Amino acid sequence: MEEQTRLTAWVRGRVQGVGFRWWVRSRALELGLTGSASNLTDGRVEVIAEGTRDACDDLLAQLRGGGTPGMVTGVVERWTEPRGDLHGFIER
């Protein structure tokens, strides 16, 4: 069985109001991840994803990859143990 993990990523840049959360949701579902993408009051988007380490690594690489809607200027990540409390992938 593949290692399961939880990725929390805070994405800075022009990432609100440009379809960014929808794009993250689409990529996450393609990778079989559960979680959410939420706008924060300071202009960042918080991405929480649970699944295999490989799938979470892939999502993180896509967040940093330059093919996102808007313009990402930075991504900070935190890795923790999965909680198993997420179902589907939602935009908030």
Side-chain angles (χ1 to χ4, degrees):
M1 185 171 167
E2 291 187 63
E3 175 189 0
Q4 300 287 306
T5 192
R6 182 182 185 107
L7 165 68
T8 304
W10 295 273
V11 184
R12 291 186 321 271
R14 191 170 59 85
V15 291
Q16 291 190 9
V18 294
F20 185 82
R21 291 176 299 144
W22 176 88
W23 180 88
V24 171
R25 180 179 180 273
S26 295
R27 301 297 80 75
L29 290 173
E30 289 171 357
L31 293 166
L33 298 169
T34 59
S36 63
S38 308
N39 285 339
L40 300 176
T41 58
D42 64 4
R44 296 177 299 160
V45 169
E46 179 182 63
V47 177
I48 299 171
E50 284 192 5
T52 66
R53 178 65 189 232
D54 287 347
C56 287
D57 277 334
D58 193 353
L59 180 62
L60 185 59
Q62 290 185 53
L63 293 174
R64 292 183 167 140
T68 66
M71 183 176 65
V72 173
T73 59
V75 180
V76 174
E77 87 249 23
R78 179 179 66 199
W79 297 93
T80 56
E81 292 294 317
R83 297 181 189 167
D85 60 346
L86 303 171
H87 306 282
F89 202 97
I90 60 172
E91 300 172 52
R92 297 181 191 195

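Note that these values count all heavy atoms, side chains included, but never hydrogens, waters or copies made by symmetry. A quick note: this is a predicted structure, and the numbers were derived from the prediction, not measured.
- A distance of 8.5 Å separates CG in D57 from CD in E77, rounded to the nearest 0.5 Å.
- At most 12 non-hydrogen atoms from other residues, nucleotides or ligands lie less than 6.0 angstrom from CH2 of W22.
- Under the 3.5 Å distance criterion, the side-chain polar atoms of T5 are left unmatched by any main-chain donor or acceptor of T52.
- Nearest heavy atoms, A9 versus L63: CB-CD1, 4.0 Å.
- Looking at every heavy atom in both residues, L31 comes nearest to Q62 through CD1-NE2, 4.0 Å.
- Between the CZ atom of R25 and the CG atom of L33 there is a distance of 12.5 Å, given to the nearest 0.5 Å.
- Side-chain contact check for R6 versus I48: some heavy-atom pair is nearer than 4.5 Å.
- Using a 4.5 Å heavy-atom threshold, the side chains of V76 and R12 count as touching.
- Atom SG of C56 is separated from atom CD of E50 by 8.0 Å, given to the nearest 0.5 angstrom.
- Shown here for F89 and A49, the closest heavy-atom pair between the two residues is CE1-CB, 4.3 Å.
- Note that CG of D58 is 11.5 Å distant from CG of L7, once rounded to the nearest 0.5 Å.
- Counted within 6.0 Å of CZ on R53, heavy atoms from surrounding residues, nucleotides or ligands total more than 12; the atom is thus considered enclosed.
- Following chains of ILVMFWY side-chain contacts shorter than 4.5 Å, one cannot reach L29 starting from I90, and the two form parts of different hydrophobic clusters.
- One N or O on the side chain of Q16 and one on the backbone of L40 form a donor-acceptor pair closer than 3.5 Å.
- At distances below 3.5 Å, not a single donor-acceptor pair connects side-chain atoms of R21 with backbone N or O atoms of V45.
- Taken together through direct or relayed side-chain contacts under 4.5 Å among Ile, Leu, Val, Met, Phe, Trp and Tyr, L86 and L59 form parts of separate hydrophobic clusters.
- Residue E46 comes nearest to W10 through the heavy atom pair OE2-NE1, 3.1 Å, listed as atom of the first residue, atom of the second, then distance.
- For the pair F20 and R14, the minimum side-chain heavy-atom distance is 4.5 Å or more.
- Residue V24 comes nearest to A37 through the heavy atom pair CG1-CB, 4.1 Å, listed as atom of the first residue, atom of the second, then distance.
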